[in-house]
2 protein chains.
Amino acid sequence: MLSRMASSTRSVDRTLKLLTDLADPDQGKSLSDLARASQLPPSTALRLLAALVDSGFASRDVDGGYHPGHRLIQIGAAALREDSVHEHSGPHLMEIAHDTGETANLGIQIEGERVLYLRQVASPRLIQGVGWVGRSIPMTGTAMGAALTGDVDASGYAWTEGSVEPDVVAVAAPVRGASGGIIAALSVLAPSYRTDRAKIEEIGACLVEHCRALSEGLGAIDDRKAVAA
Amino acid sequence: MLSRMASSTRSVDRTLKLLTDLADPDQGKSLSDLARASQLPPSTALRLLAALVDSGFASRDVDGGYHPGHRLIQIGAAALREDSVHEHSGPHLMEIAHDTGETANLGIQIEGERVLYLRQVASPRLIQGVGWVGRSIPMTGTAMGAALTGDVDASGYAWTEGSVEPDVVAVAAPVRGASGGIIAALSVLAPSYRTDRAKIEEIGACLVEHCRALSEGLGAIDDRKAVAA
DNA sequence: CAGACCGTTCCATTGTGTAGAACGCTGCTG
DNA sequence: CAGCAGCGTTCTACACAATGGAACGGTCTG
């Protein structure tokens, strides 16, 4: 691993890595956890985390554990607000969740090879435990990934079974921006046992229709340049 | 300004400052703008920003301007998801906006002295231009601030006129967590000309009711410790 | 009680971050 | 058209900020 001859900014790179780990829901949040995840000596991790705490990017609870800080929440909220897709998808997601009775999601492509769940409206009747917002899944083999690459059937949607989780059907359709390119995807996740072929078609039609409306709204409003680069 | 003898982490502190400025909607986004805002020589700012870009925290558009990057969006989404207040306030905000016909907001206290707008549902009929999410206002003299400090009238809400913006009435009520402390506030913003005393009372009653329901939901679910510290 | 693991402080070493100088570029303005 | 101002960028020698090993006290386990 003698990589990174990029620009000689070790402490900064390390701190940003720590910051990323800090926001990762799957990670432990103790000093040693974070130090180990970043392959740093505890003393170094401690100092860098202290800098994050000083700046409000992290906070510590009484047990000494680290959490995302208020500044991170502030910046995140501001960044999301600048994302017009996120902004306008809200009502559509709610309608989709209502009409299909299943969980509706908004996803975008990040880092070229993954899908980030940006927003989620849970099935109205089902009290759903897991939230996927902020997590990412691979592009390949998933309905979201197919939709984001434009790999959809004649009706305009893609679907898979068991790709994200076992016994779950995923249906997805692409959202297009003002430039015509695909900038996001809407999807629905539903348990396999209550999802037959007819249901999938119904969901697909619903998604395609809402994606069309959402794309139209986005095209009319603004062309945010570097939002999903 | 000979402060910060804190812990000797200059480059990190500076980078985090740049990151904060980057997400500030009111700031210019060119290299010189950011360098000036942080009082840094351009060469230094360039290198630190390059580190942010390398890590995906920032991105550059074709003009050379800087923007929040995908990682920032990812982290922001994850951080917001961990905030149970944000999560559960959604339906309440929508109902409030629907029932009152005005814009409903969720705010929390940050840095001890300011109120951060975390979430907003615009008035259903009014196509509202400005979004306040991610921005902050002072505690003192605002309805949000009063609600967050518990400074409410007998009915359980606080209101002001013209404190955030001229000719706007603000009404706010506190949300309480499992520990009983105030962790957030819901508010409604309405133009003065269509808001008389009776309307304010109506809005106040609506807010208090929803805050009660929201607090109950939060108390029953989970006690997120350091979320508003 | 020994051992493991934790968070934290300290400090000599060194390598990373710093900022000034210099360059090419674009867009003003007299 | 020449002159100037401001931009983004590269390069470099120097100095100081960042590093991580060692050592300490605390808590938890077996």
Side-chain angles (χ1 to χ4, degrees), chain A residues 1-22 24 26-69 225-226 229, chain B residues 1-22 24 26-69 225-226 229:
Chain A
M1 298 215 182
L2 38 104
S3 55
R4 290 301 144 118
M5 56 159 299
S7 50
S8 73
T9 332
R10 204 152 58 132
S11 62
V12 172
D13 293 336
R14 290 170 159 186
T15 306
L16 294 177
K17 175 71 164 65
L18 281 173
L19 190 55
T20 304
D21 291 338
L22 191 62
D24 185 346
D26 303 323
Q27 297 255 354
K29 296 289 164 46
S30 75
L31 172 62
S32 345
D33 289 335
L34 293 166
R36 222 171 303 114
S38 300
Q39 310 210 40
L40 290 177
S43 56
T44 301
L46 180 69
R47 191 165 24 82
L48 298 178
L49 283 168
L52 286 174
V53 171
D54 279 347
S55 313
F57 280 82
S59 68
R60 309 195 70 171
D61 60 21
V62 283
D63 309 329
Y66 290 89
H67 296 267
K225 299 171 207 170
Chain B
M1 295 214 181
L2 38 104
S3 54
R4 293 300 145 117
M5 57 158 299
S7 50
S8 76
T9 334
R10 203 150 61 129
S11 62
V12 173
D13 293 336
R14 290 169 157 187
T15 306
L16 294 177
K17 175 71 164 65
L18 281 172
L19 190 55
T20 304
D21 292 338
L22 191 62
D24 185 346
D26 303 323
Q27 296 253 358
K29 298 287 165 47
S30 75
L31 171 62
S32 343
D33 289 334
L34 294 166
R36 223 173 300 114
S38 300
Q39 309 210 42
L40 289 177
S43 57
T44 301
L46 180 71
R47 191 165 26 81
L48 298 179
L49 283 168
L52 286 174
V53 171
D54 278 348
S55 313
F57 279 83
S59 67
R60 308 195 72 172
D61 59 22
V62 282
D63 310 328
Y66 290 89
H67 296 267
K225 297 169 208 173

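Proteins come first, then strands; the chains are lettered A, B, ... in the order of their sequence lines, and each starts at number 1.
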Considering only dG17(C), dG21(D), dA18(D), which nucleotide approaches the side chain of Ser43(A) most closely?
-> dG21(D)
Enter the distance from Leu22(B):CG to Ser38(B):OG here, rounded to the nearest 0.5 Å.
-> 10.0 Å
Nearest atoms (heavy-atom pairs only) where Ala45(B) meets Leu18(B) = O-CD1, 4.2 Å
Closest to the Arg60(A) side chain, choosing from dG20(D), dT9(D), dT8(C) | dT8(C)
Result for 5'-nearest mapping on DNA chain C, choosing between Leu48(B) and Pro42(A), is Pro42(A)
N/O donor-acceptor pair, side chain Ser32(B) with base dG8(D), under 3.5 angstrom | no
Donor-acceptor pair (no angle test) under 3.5 Å: Ser11(A) side chain, dA18(D) base | no
Expected output: side-chain Asp63(A) to main-chain Gly65(A) donor-acceptor under 3.5 Å | no
N or O in side chain of Arg10(B) less than 4.0 angstrom from dG17(C) OP1/OP2 = no
Rounded to the nearest angstrom, tell me the gap between atom CG in Asp13(A) and atom C1' in dG17(C).
-> 12 Å
Between atom CG in Asp54(B) and atom C1' in dG17(C), what is the gap in whole Å?
-> 16 Å
Whole-Å distance, Leu49(B) CG to dT10(D) C1', equals 16 Å
Is there a donor-acceptor pair under 3.5 Å between the side chain of Asp61(A) and the backbone N or O of Gly64(A)?
-> yes
Atom-to-atom span, CG of Asp61(A) to C1' of dG7(C) - whole angstrom | 14 Å
Taking Watson-Crick and G-U wobble contacts under 3.5 angstrom, with | marking pairs to another strand and [ ] crossing pairs, the secondary structure of DNA chain D is written ||.|||.|||||||||||||||||.|||||
Straight-line distance of Leu19(A) CG to Tyr66(A) OH, nearest 0.5 Å | 13.0 Å
Arg36(A) side-chain proximity, nearest of dT9(D), dC6(C), dA18(D) = dC6(C)
For atom CG of Asp63(A) and atom C1' of dT8(C), their distance in whole Å = 17 Å
Measure the distance from OH on Tyr66(A) to C1' on dG7(C) and round it to the nearest whole Å.
-> 8 Å
What nucleotide among dT9(C), dA18(D), dT18(C) has an atom nearest to a side-chain atom of Arg14(B)?
-> dT18(C)
First locate atom CG of Leu16(B), then atom CG of Leu48(B), and finally report the distance between them rounded to the nearest 0.5 Å.
-> 10.0 Å
Taken to the nearest whole Å, CG/Leu46(B) to P/dG17(C) is 14 Å
When rounded to the nearest 0.5 angstrom, what is the spacing between CG in Leu40(B) and CZ in Arg47(B)?
-> 9.5 Å
Listed nucleotide nearest any side-chain atom of Thr44(A), set dT19(D), dT10(D), dT9(C) | dT19(D)
What integer distance in Å separates Leu31(A):CG from dT27(D):P?
-> 17 Å
